[in-house]
Each structure stands twice: as C-alpha cells, then as structure tokens.
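This report concerns only the one structure given below.
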Amino acid sequence: MTDQSLHDTATAKPAVERPVFQISRLSKIYQRNRFTALSDVNLTLRKGEFASVIGSSGCGKSTLLKIMAGLMPPSSGRVVLDGRPVMGPREDIGMMFQQATLLPWKTALENIVLPIEIREGKAAARRYRDRAQDLLDLVGLARAADVYPSELSGGMAQRVSICRMLISDPSVLLLDEPFSALDELTRDFMNMELQRICMERRATAFLVTHSIPEAVILSDKIYVMQSNPGHVAEVIDIDLPRPRTLEMINTAKFGAIVGHIRGKLEKEAKA
Amino acid sequence: MSTQAKMQTRAASADGFQDDGADTVWIEQDPFIDRIPRWVAMLGLFVAIVGLWQVVTALDIVSPIVLPSPAETWADILFVGNNLLTGGHMLDALITTSLTVLYGFAIAVALGFSLGVLVGETKFGERAVMPYLVAIDTMPKVAFAPLFIAWLGFGISSKVALAAFIATFPVVVSTAAGLYAVSENERFLFKSMGASRLQTLVRLKLPIGLPYFFTGLKIASVGVMAGAITGEFLGGGEGFGALIRISASQLNTPRVFSLIIYLSFLGLALYLTVVWLQARLIFWNKTDKIGGIA
Ligand SMILES: Nc1ncnc2c1ncn2[C@@H]1O[C@H](COP(=O)(O)OP(=O)(O)O)[C@@H](O)[C@H]1O
Ligand SMILES: [Mg+2]
C-alpha cells in the first residue's frame with residue numbers, strides 16, 4: 001500500500017458508498033400466534049458502514065436480524081444483499097448471537113473452522129487452520145487454539161465466536177446483542193475490538209443492542225425501533241470522528257445524542 | 001509489633017475498631033457422617049449388614065430355608081465360584097445368560113436409537129409413532145413372554161426378544177429427548193452455516209444429546225438383565241435364571257443367594273461398561289455424578 005492510498009482511506013472517504021443491504025417494506029407476522037413482529041421496515045446499509053438498531057426487548061430486533069440473515073422468511077417485503085435477493089442462509093453473511101454457542105466437544109480452533117467444515121468438508125477445514133490461528137491472534141487469543149470452550153471465560157468465548165464469524169470472510173456482519181451477557185468492563189473492551197476489526201476489514205456491520213452508549217460509540221447510523229408493531233421510529237446519523245474512543249463517552253456531544261435517544265425510547269415506555 | 005504498628009492499632013481503636021493482628025480464619029466443619037472416607041463407609045456398611053444377618057440367623061428368628069446363615073451362603077458362593085472357574089455346568093449357564101443379555105442389549109440399543117431418531121427428528125415420528133410407543137410402553141411387558149416363547153421357541157431367541165423388548169423403550173425416549181435438547185441458537189448457527197439436515201443431526205444434535213442417550217443406556221442395561229432372567233424363569237432353557245428356579249424349587253436357598261450375587265456381577269459389569277464409555281465419549285460434560293457411577 002502506498003502512502004497515497006493510506007492517505008485516501010483516512011480522509012477522502014467518499015460521502016456516499018454503494019448500498020450493500022437493502023430492505024424495503026419488510027413485515028413479519030408470526031403465523032403461530034398471528035403476532036405482527038415487524039411492520040413496514042425500510043433500511044439501507046452502505047459498504048463499510050456500521051449501523052445499529054436499538055429498542056426495548058420484544059420490539060422485533062432479533063426477528064429483523066434473522067430475516068436479514070436468511071434464517072427465516074419475511075411475510076412481505078424485500079431483502080436484497082449485494083444485488084441478490086436473500087432467500088436463505090448466505091455465505092457472505094456472518095452472524096453472532098448473544099451466546100457464543102461454541103460446540104463443547106471441539107477446541108477453539110476447531111470451532112472457528114466449523115463453517116468451512118460444514119460447507120466444504122474436513123479437508124478444506126484443515127487448510128483453514130492457519131487462517132483460524134491468525135484470527136485468534138487478531139482477537140488476542142493466540143494461545144487458546146487447543147483449548148476447549150469449558151475452559152474459556154465468557155469474553156474469550158465471544159472472541160472465538162467472532163473468529164468463527166470472520167473465517168469465511170463475510171461481507172456483512174450481523175450481530176445480535178453479542179456482548180450483552182458480558183460484564184461492563186469486558187464489554188467496553190470488546191466493543192473497541194469490534195470497531196478495530198470492522199475498520200481494518202472495512203466490514204459492513206449491523207448491530208442489535210439495547211445499550212444506548214454502545215450503539216452511539218460504535219455506529220455511523222442508529223435505527224431506533226419501537227414496538228407494537230415493530231417499526232423504525234427514527235434514524236440518527238452519528239458524526240463523531242473515527243476511530244472512536246471510550247473517552248468520547250464523557251463529551252457533551254455524546255451525552256446529547258444519548259439523551260435524545262433515551263427520550264425517544266422513554267416516550268414509548270410511558271405510552 | 002513495631003511502635004508504628006502499635007500507634008496505628010491505637011488510632012484505629014479510637015475509631016471504635018480493634019485490630020489485635022490475628023487473622024479471622026475459621027474452619028468449616030463437615031458433619032461426621034460426611035467425613036467418612038468411601039472405603040471405610042462401604043466396608044462399615046457391609047460389616048453392619050452381615051452382622052445383623054448373622055444375629056438374625058444365629059438366634060433362629062427366621063428358618064434357614066428362608067434365610068441361610070452368612071457362613072452357609074459364603075460356602076456356597078465359593079462352591080459356585082469354583083464351578084465357574086473350573087468350567088463346570090454353571091459356567092455354561094452364565095455364558096448363555098451373558099449372551100442373552102448382550103444380544104438383547106445390542107438389539108435394544110440399535111432399535112431404540114433408530115426409533116428415537118425417527119421420533120426426535122421427524123414430525124411424523126413425533127405425531128404418529130410416539131403415541132403407539134407410549135401405549136406399548138405402558139403395558140406390562142413381561143406379559144408378552146408367553147407370546148415370544150410361542151413365536152420363537154424355548155431357545156435363547158425368546159429370552160433375547162423379551163430382554164430387548166423391555167430395554168428398547170428407555171433408549172427410544174432418551175434418544176428423542178437428546179435430540180430435543182439442542183438450543184434455538186445452536187440450530188440457527190447451523191442453519192446460518194448452510195448445514196444440511198443430516199449434517200445438523202450428526203454434527204450437532206446427536207453429540208448434544210449424548211448425555212441423554214447414555215441415561216437411556218443405563219436404564220436399558222438394568223432392564224435387559226430383568227428381561228433375560230424373567231425369560232429364563234418362564235421359558236426354561238440353560239441360563240442362570242433356570243438354575244435359580246431349580247435351586248429354589250429344591251429349597252436350596254444358599255444356592256439361590258449365591259447365584260443372584262454372581263448374576264449381579266454380570267449386571268454391574270454391563271452397567272459400568274456403559275458408565276465408562278460415557279466418561280470416555282462425553283469428555284466435555286463434567287456434571288457431578290452420584291458416587292461417580294450414576
Ligand atoms: N417464533 C416466534 N413465534 C411467535 N412470536 C415470536 C417468535 N419469535 C419472537 N416472537 C415475538 O416477536 C416479538 C419480537 O421478538 P424479537 O424479535 O425476539 O424481539 P427482540 O429481539 O427485539 O427482543 C416478541 O414479542 C416475541 O414474543
Ligand atoms: Mg433479541
């Protein structure tokens with residue numbers, strides 16, 4: 001990489017990147033209990049963008065993410081990723097859940113190459129071992145390759161699941177409250193790690209959270225969701241400079257944004 | 001204590017605190033019954049039981065035909081043991097019963113596993129097959145013994161069939177329960193990786209369900225013994241069950257006792273093999289086991 005191109009990515013980031021994920025008129029009615037979980041959701045994710053969706057629990061965040069990931073079909077509406085409609089699970093989508101969901105009978109490294117093993121078989125998975133080790137280095141778990149999940153702390157297990165998500169080099173990361181089961185200190189640290197990883201890879205990320213500061217510190221754009229039925233009530237652009245640091249939490253601007261979102265969510269809670 | 005430390009102590013006590021420098025370590029004492037080591041506890045219980053047994057028989061509280069003395073029983077245990085070790089007719093009987101138990105267990109595991117996967121993995125199995133299985137399971141299965149004898153004769157097959165019949169159901173239920181034990185996140189994980197149904201079954205659901213499966217195997221290992229011996233009681237033949245029935249009809253109670261004891265070794269061997277296999281296979285699940293064996 002030349003000095004010039006380094007300079008380019010740092011400052012001359014194009015104002016509008018191409019859309020990666022496009023969701024229009026999306027609604028979801030669970031047939032089992034005829035419950036309308038989502039109604040008329042529209043959103044566009046652009047290349048390299050970090051977007052968050054925030055809302056009280058039960059407002060349909062996970063439902064939205066599962067539909068985007070192709071894990072369940074919408075009742076109506078359109079989901080398009082990279083020009084192709086999402087009609088089922090896709091290799092170019094990486095997912096992370098609230099629980100690390102590691103298989104206890106596999107080592108950290110074996111867990112990381114699991115998506116390769118499932119898609120391309122054991123031989124391919126063996127070829128990806130070096131890459132898996134690189135990813136472990138990336139998240140600071142260089143020496144955990146042969147450790148079983150029962151010996152990992154919650155934060156370490158989530159880092160392994162980050163590696164598992166990254167092994168197939170997805171173009172979009174869908175994250176469903178990935179760190180909400182962790183203690184606050186670990187969580188702050190993991191959020192900064194996540195930012196670093198996304199910036200390094202210029203990944204497009206979509207994060208579900210119910211922590212307002214977490215959404216603000218990480219995102220370029222925040223979708224505030226309200227329930228009954230689940231819909232996007234407001235879209236907020238966050239123009240804090242990158243890379244974000246934890247110190248920014250103490251700035252007046254940060255406080256103002258957090259206050260605004262809290263007001264929006266509280267209004268719903270009272271209503 | 002240095003002067004400075006003394007001053008600190010005095011300063012602290014002025015605030016109402018006292019520090020005489022001693023640690024406040026205290027020992028948590030288990031009650032006596034929880035502190036007896038295993039071998040002492042086991043041996044002690046054994047001695048107590050045999051002692052009580054000895055007293056009851058020595059005082060002629062019960063007739064020796066009902067309950068022989070420990071010494072008499074021990075002599076017979078040695079006699080039967082000698083017969084077994086020297087390859088007498090009792091060894092043939094033990095081999096016959098062991099084979100019955102092993103065949104019955106193998107059939108129960110294979111059949112129970114297959115039906116369990118059908119029930120746990122397909123809606124058809126859950127909706128259509130399971131109700132029939134439950135209906136059959138609630139029947140007194142021993143009552144089928146005459147049928148098996150009528151169908152399969154007085155040889156080993158009818159006993160194997162009864163043993164397998166009794167032991168199959170716990171394997172079905174535990175296998176199906178194991179397949180249900182997978183969490184929603186785990187299913188979504190495999191779905192997001194594009195796993196096929198077979199891959200999800202083999203790489204996720206079966207391993208997750210292994211502990212349940214083994215619980216079923218343990219119940220089956222007990223059931224298969226009961227089935228084999230019941231079959232031999234009712235259908236004759238050359239096994240240990242027939243020996244017990246003959247001894248009992250001759251009022252040879254010590255022989256009945258010693259045969260039962262050797263039989264329990266057979267059951268124990270099967271049970272412990274299952275436990276050992278479980279510990280080997282499910283190395284990641286270190287839940288506390290009762291006494292390390294259940
Ligand atoms: N499989 C389902 N069947 C019926 N209702 C569901 C199902 N999954 C979720 N819901 C309902 O849809 C709503 C949104 O759920 P979810 O998307 O999980 O919310 P969130 O992730 O924001 O907490 C909730 O009220 C929940 O009860
Ligand atoms: Mg959720």
Side-chain angles (χ1 to χ4, degrees), chain A residues 62-63 65-73 86-107 110-122 125 147-152 157-158 160-161 164-165 167-168 170 172-178 181, chain B residues 113 116-117 120-124 126-127 174-175 177-217 274-289 292:
Chain A
S62 297
T63 305
L65 217 70
K66 280 171 196 159
I67 294 174
M68 290 170 75
L71 294 176
M72 63 165 74
V86 175
M87 308 284 278
R90 288 257 294 260
E91 203 173 345
D92 46 353
I93 299 176
M95 261 212 104
M96 222 178 132
F97 305 91
Q98 185 174 349
Q99 276 81 34
T101 342
L102 302 176
L103 302 183
W105 55 88
K106 286 182 179 289
T107 63
E110 289 165 351
N111 265 290
I112 295 171
V113 297
L114 181 68
I116 307 294
E117 188 187 324
I118 295 286
R119 283 212 170 83
E120 296 164 43
K122 282 201 166 25
V147 171
Y148 285 94
S150 59
E151 293 157 56
L152 298 172
Q158 272 304 27
V160 172
S161 86
R164 183 182 57 197
M165 168 178 75
I167 190 84
S168 41
V172 182
L173 310 181
L174 301 179
L175 312 156
D176 194 350
E177 304 190 19
Chain B
F113 179 78
V117 170
E121 180 64 11
T122 68
K123 287 282 179 220
F124 172 80
E126 186 192 342
R127 288 170 187 160
S174 65
T175 305
L179 296 181
Y180 285 138
V182 61
S183 76
E184 193 187 14
N185 273 340
E186 286 157 344
R187 272 192 293 112
F188 276 130
L189 171 70
F190 268 65
K191 204 170 173 186
S192 75
M193 297 187 301
S196 68
R197 186 170 187 166
L198 185 65
Q199 280 179 319
T200 309
L201 178 66
V202 175
R203 309 270 174 95
L204 176 67
K205 289 184 174 185
L206 289 178
I208 292 274
L210 267 184
Y212 294 79
F213 178 66
F214 270 97
T215 303
L217 288 194
V274 173
V275 170
W276 175 79
L277 206 64
Q278 176 176 24
R280 284 293 305 269
L281 230 52
I282 316 178
F283 61 90
W284 63 88
N285 191 346
K286 294 194 183 71
T287 47
D288 277 347
K289 300 186 186 71

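Everything numeric in this text was worked out from a predicted model, so none of it was measured. Numbers restart at 1 for each chain; the letters A, B, ... are given by sequence-line order, proteins then strands.
- In this structure, no portion of A/Lys106 lies under 4.5 Å from any heavy atom of chain B.
- Both the backbone and the side chain of A/Glu117 come within contact range of chain B, with heavy atoms under 4.5 Å apart.
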Let me see the working for B/Trp284 and A/Tyr148 under side-chain contact (heavy atoms from CB on, under 4.5 Å), right down to the final yes or no.
CA-CA 8 Å; B/Trp284 63 88; A/Tyr148 285 94; 5.8 Å; no
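- Remark: B/Tyr180 OH is packed, more than 12 non-hydrogen atoms of other residues, nucleotides or ligands lying under 6.0 Å away.
- Of the residues considered (A/Arg90, A/Met96, A/Lys66), A/Lys66 shows the highest number of contacts with chain B, using heavy-atom pairs under 4.5 Å.
- In this structure, B/Tyr212 places its OH atom where only 12 or fewer heavy-atom neighbours from other residues, nucleotides or ligands lie under 6.0 Å away.
- To the nearest 0.5 Å, atoms NZ (B/Lys191) and CE (A/Met72) are separated by 7.5 Å.
- Remark: B/Ile208 CD1 to A/Trp105 CH2 distance equals 4.0 Å, nearest 0.5 Å.
- Atom OG1 of A/Thr101 sits about 12.5 Å away from atom CZ of B/Arg187, to the nearest 0.5 Å.
- For a residue to count as touching a neighbouring chain, one of its non-hydrogen atoms must lie under 4.5 Å from one of that chain's; by this rule A/Leu114 touches chain B with backbone and side chain alike.
- Ranked by heavy-atom pairs under 4.5 Å with chain B, the list A/Arg164, A/Gln98, A/Gln99 is led by A/Arg164.
- For the atom pair B/Met193 CE and A/Met95 CE, the distance stands at 12.5 Å (nearest 0.5 Å).
- In this structure, CZ in A/Phe97 is found 9.0 Å from OG in B/Ser183, a value given to the nearest 0.5 Å.
- Here the closest non-hydrogen pair linking B/Arg203 and A/Leu103 is O-CD1, 4.2 Å.
- Contacts between A/Ile118 and chain B at a heavy-atom distance below 4.5 Å involve backbone atoms as well as side-chain atoms.
- Looking at B/Gln199, only its side chain comes within 4.5 Å of chain A, counting heavy atoms on both sides.
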